[in-house]
Structure formats: C-alpha cells, structure tokens
Number of protein chains: 2
Amino acid sequence: MKVSTRGDYASRALLSLALHANGSVPTSVRDIAERTALPQPYLEQILLALKGAGIVRSKRGVGGGYVLARSPSEITMAQIVSAVDGPIAAGDFGEPHQDGACDHEGQCALLALWSEVGELLRTRLSSYTLADMVLRASGSQISAQ
Amino acid sequence: MKVSTRGDYASRALLSLALHANGSVPTSVRDIAERTALPQPYLEQILLALKGAGIVRSKRGVGGGYVLARSPSEITMAQIVSAVDGPIAAGDFGEPHQDGACDHEGQCALLALWSEVGELLRTRLSSYTLADMVLRASGSQISAQ
DNA sequence: TAAAACCTGACTCATTTGGTAGGCTATTGC
DNA sequence: GCAATAGCCTACCAAATGAGTCAGGTTTTA
C-alpha cells in the first residue's frame with residue numbers, strides 16, 4: 001500500500017482539525033498549515049481530495065475554511081489514507097482468479113497472499129478512528145467537540 | 001511497504017524452485033523464466049538480489065543455475081520481499097521520537113501508528129514460509145509445467 | 001577452447017511524488 | 001457594489017521510482 005506523504009499529511013491535518021475542534025467554525029488552510037508546519041499549497045490539494053471523499057466540508061469566502069464532516073469517532077484512518085493514497089493494498093497485481101486455474105504455477109497462491117495482507121492492512125487501519133488518535137496525541141486530556 | 005513486481009516475481013521464482021526441487025541440481029535462469037513466464041533479463045537481476053541476501057546460491061558454468069540456499073520451510077515471505085523491495089514498512093517517515101516531544105501536534109502519535117502497521121506487516125509476512133506457499137499452490141491446483 | 005552461465009552497469013520510457021505558480025470564483029464586510 | 005478574503009482549479013515542473021532491456025564482461029567446465 002505504501003502510505004505516502006499525502007496520507008501522513010492528510011492525517012496530520014485532520015488530527016489538527018480534531019484537536020482544535022470548535023463547534024462548526026471553519027479553520028482556514030493557512031492556519032492548518034501553520035499549526036502542522038506543512039506546505040500550504042500542497043495541503044490545499046490534499047484537503048480538496050479529503051473533501052471529495054466526504055471527510056471534510058468547506059466554506060468559502062471570508063471566515064471560511066474546513067470542518068470535519070463527521071465526528072472524529074466516525075472517521076477511520078483507513079478512510080483518510082485511501083482518500084488520498086488510493087485503495088489500501090499490499091501490491092497492485094490483480095485479484096486471485098477463483099474460477100479454476102492460474103496462468104502459471106503458484107501464481108494464485110501468491111495473489112491470494114497479497115490479497116490477504118492487504119485485507120489485514122485495511123482491517124487494522126479501519127480499527128483506528130481520528131478520535132483514537134486524538135486520545136493518543138493528547139495523552140490524558142480529552143478534547144471532545 | 002508496497003510490494004512491487006520485484007517482490008511478486010521473486011516469490012514466483014523461488015516458489016518455482018521449491019516446486020521443482022531436485023536435490024542440489026541447479027536450475028538455470030532461462031528455465032525459471034520459462035516456467036514462470038517472467039522476462040529473463042529482469043529475473044536475472046532479481047535472482048542476483050536474492051543471492052546477495054543469501055536466500056539462493058548459484059553455480060556457474062555449463063549446467064549451472066540457482067538453488068535455494070535453505071530449505072523452503074526456513075525461507076519466509078518477509079525475507080523474500082525485503083530482499084528485493086527493501087525494508088517492510090507502512091511508509092518511510094522516520095521513527096517516532098521517544099525522548100520527549102514531537103515537533104508538531106500529533107505527529108508522534110501518527111508516526112507510532114505507521115510504525116505499528118509496518119510491524120504488523122512484517123509479522124504476518126514472517127509467518128509464512130515458502131513451504132507454506134508450496135502447500136497452498138499444490139493444494140489448489142495441478143502444478144503443470 | 002568455446003559454449004553456457006553468471007555478473008555489471010548503463011540506458012530507456014512511463015508513471016508517481018512532492019511540490020510551485022497563478023488565476024478564477026464565491027462570500028462577506030464596509 | 002467593491003475589495004479583501006479564502007477556497008477552487010489548472011498547469012507545470014523536477015526528481016525519483018518502476019519495469020524492463022541491452023551490451024558487454026568474466027568465470028566455469030564439458
């Protein structure tokens with residue numbers, strides 16, 4: 001699957017939004033970039049992708065910015081990563097062909113393995129929500145919205 | 001980590017060696033390429049990397065070729081993949097800094113997550129050996145050449 | 001001694017990654 | 001209604017990676 005910087009940056013940005021959650025008052029890209037020390041124009045693209053995936057909502061104009069579209073406990077790390085880095089998988093060979101034979105020896109067994117590993121990744125990343133990360137990040141303090 | 005074609009090809013080649021194990025009679029690259037339908041010159045590089053990692057041994061000259069360096073039950077999928085695709089990790093940001101604080105909010109928590117996921121991958125891929133794959137491969141279908 | 005096999009390194013060609021630049025459009029405060 | 005703010009969109013770019021190919025060694029051994 002390979003989490004690229006996009007996946008990491010997206011997580012950092014959303015985590016920042018969750019940490020400073022303030023009702024439905026949007027946070028500007030500039031503020032997020034400042035708090036996370038990420039390059040602003042790049043972050044803009046990433047937030048756009050997150051918006052496309054329905055993870056975040058935006059408001060334009062003065063006083064605009066981004067807000068989480070759902071509560072942090074309803075946003076999984078898997079959703080974040082796959083929104084910006086594409087589907088979570090171990091590699092991108094096709095699916096194991098079930099119907100009968102493989103083209104070549106052992107191929108099917110390996111495809112099944114890669115597929116299984118991808119599933120494992122997906123499951124694990126789905127088991128963590130943004131809320132969990134907020135807890136981890138702030139240690140003991142709970143900053144719910 | 002992203003298993004590239006190299007990881008898949010390396011596995012296919014070694015699986016082929018394991019399936020046609022014949023004492024210590026080496027198999028030539030050409031034969032392996034033929035059986036697995038992989039591009040021969042590319043496969044040559046991959047086998048070289050596997051040799052460098054000590055997974056395979058080679059014999060030169062007429063009648064030369066490659067042999068597994070150990071029994072299939074002592075070769076894990078993690079060893080194969082990391083030999084040709086580099087260390088198994090979820091992404092390549094640094095290690096989580098333990099000693100006190102992160103540079104920016106939440107960063108540490110995320111680094112810890114990526115690291116944990118990488119560990120999960122490594123563990124799972126280490127739990128399968130070539131011998132397991134041989135079983136899987138010959139269990140599901142006829143291994144014709 | 002020459003064929004079979006391994007080894008080395010450079011080269012290509014396409015795609016992805018990690019950005020930057022710049023203009024457009026919607027919203028709001030005055 | 002005008003300008004400032006702030007998101008939106010398109011393009012571009014350089015470097016790295018991925019997936020191979022190719023040419024030319026060197027070593028071994030029948």
Side-chain angles (χ1 to χ4, degrees), chain A residues 1-13 17 24-53 55-69 81-87 89-94, chain B residues 1-13 17 24-34 36-53 55-67 69 81 83-87 89-93:
Chain A
M1 70 158 231
K2 182 63 179 310
V3 178
S4 69
T5 54
R6 306 169 83 87
D8 186 43
Y9 288 7
S11 306
R12 303 240 297 258
L17 278 183
S24 57
V25 178
T27 309
S28 71
V29 177
R30 203 184 31 179
D31 285 356
I32 302 175
E34 218 164 89
R35 292 202 301 242
T36 55
L38 299 177
Q40 190 195 321
Y42 192 29
L43 185 56
E44 222 168 277
Q45 299 180 10
I46 293 172
L47 283 167
L48 226 46
L50 290 173
K51 185 193 171 188
I55 294 176
V56 107
R57 266 200 313 268
S58 67
K59 184 164 189 302
R60 300 167 87 137
V62 177
Y66 285 94
V67 205
L68 295 180
V81 170
S82 59
V84 297
D85 274 333
D92 46 359
F93 331 106
Chain B
M1 68 157 230
K2 180 65 180 306
V3 178
S4 69
T5 54
R6 305 170 78 87
D8 186 43
Y9 288 7
S11 306
R12 303 239 299 257
L17 279 184
S24 56
V25 178
T27 309
S28 72
V29 176
R30 203 186 28 180
D31 285 355
I32 302 176
E34 218 164 274
T36 55
L38 299 177
Q40 190 196 322
Y42 193 29
L43 184 56
E44 222 168 274
Q45 299 180 7
I46 293 171
L47 282 168
L48 222 48
L50 290 173
K51 186 192 171 189
I55 294 175
V56 106
R57 266 200 315 267
S58 66
K59 186 165 186 299
R60 301 166 87 132
V62 176
Y66 285 94
V67 205
V81 169
V84 297
D85 273 334
D92 47 0
F93 330 106

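Letters A, B, ... mirror the listed sequences (proteins, then strands); counts begin at 1. Just so we're clear, the structure is a prediction, and the values are computed from it rather than from any experiment.
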Tell me which nucleotide among [options] gets nearest to the side chain of [X].
X: A:Val62; options: D:dT5, D:dC9, D:dT21; value: D:dT5
X: A:Arg30; options: C:dC6, C:dG18, D:dA6; value: D:dA6
X: B:Tyr42; options: C:dG18, C:dC7, D:dT21; value: D:dT21
X: B:Lys59; options: C:dT20, D:dT29, C:dT8; value: D:dT29
X: A:Arg6; options: D:dT29, C:dT28, C:dG18; value: C:dG18

Here the gap from A:Tyr42 atom OH to A:Thr5 atom OG1, rounded to the nearest 0.5 Å, amounts to 3.5 Å
Quick one: pull up NZ in B:Lys2 and CG in A:Asp85 and give me the separation to the nearest 0.5 Å.
10.5 Å
Looking at [X], does any N or O in its side chain come under 4.0 Å of the phosphate oxygens OP1/OP2 on [N]?
X: A:Tyr9; N: C:dG19; value: yes
X: A:Thr5; N: C:dT17; value: no
X: A:Ser28; N: D:dA6; value: no
X: A:Ser58; N: D:dA6; value: no

Which residue, B:Gly64 or B:Asp92, contacts DNA chain C at a nucleotide closer to its 5' end, judged by nearest heavy atom?
B:Gly64
The answer to which of A:Pro39 and B:Tyr66 contacts DNA chain C further toward the 5' end, by nearest nucleotide, is B:Tyr66
Is there a side chain to side chain contact (heavy atoms under 4.5 Å, CB included) between B:Thr36 and B:Tyr9 once you walk through the steps?
CA-CA 9 Å; B:Thr36 55; B:Tyr9 288 7; over 6 Å; no
Closest non-hydrogen atom pair between B:Leu50 and B:Ala10, with its separation
CD1-CB, 3.9 Å
Mind listing the closest non-hydrogen atom pair of A:Gly7 and A:Ser11 along with its distance?
O-OG, 2.7 Å
Sole residue of B:Asp31, B:Thr27, B:Leu48 in side chain to side chain contact (heavy atoms under 4.5 Å, CB included) with B:Tyr66:
B:Leu48
Are the side chains of A:Ile46 and A:Leu38 in contact, using a 4.5 Å heavy-atom criterion?
no
How many Å lie between [atom1] on [X] and [atom2] on [N], as a whole number?
X: B:Asp8; N: D:dA19; atom1: CG; atom2: P; result: 10 Å
X: B:Ile46; N: D:dG20; atom1: CD1; atom2: P; result: 9 Å
X: B:Arg60; N: D:dT26; atom1: CZ; atom2: P; result: 11 Å
X: B:Leu43; N: C:dC7; atom1: CG; atom2: C1'; result: 14 Å
X: B:Asp31; N: C:dC6; atom1: CG; atom2: C1'; result: 15 Å
X: A:Lys2; N: C:dT16; atom1: NZ; atom2: P; result: 13 Å
X: A:Leu48; N: D:dA6; atom1: CG; atom2: P; result: 17 Å
X: A:Phe93; N: D:dG18; atom1: CZ; atom2: C1'; result: 12 Å

Axis deviation across the helix from C:dT1-D:dA30 to C:dC30-D:dG1, five-pair ends, to the nearest 10°:
0°
Counting only distance, no hydrogens or angles, is the base of C:dC6 paired donor-acceptor with the side chain of B:Glu44 under 3.5 Å?
no
Does a distance-only test, which skips hydrogens and angles, find a donor-acceptor pair under 3.5 Å between the side chain of A:Gln45 and the base of C:dT20?
yes
Can you tell whether the side chains of A:Asp8 and A:Arg12 come within less than 4.0 Å, N to carboxylate O?
yes
By the 4.0 Å heavy-atom rule, please label B:Lys51 as base, sugar-phosphate, or nothing.
sugar-phosphate
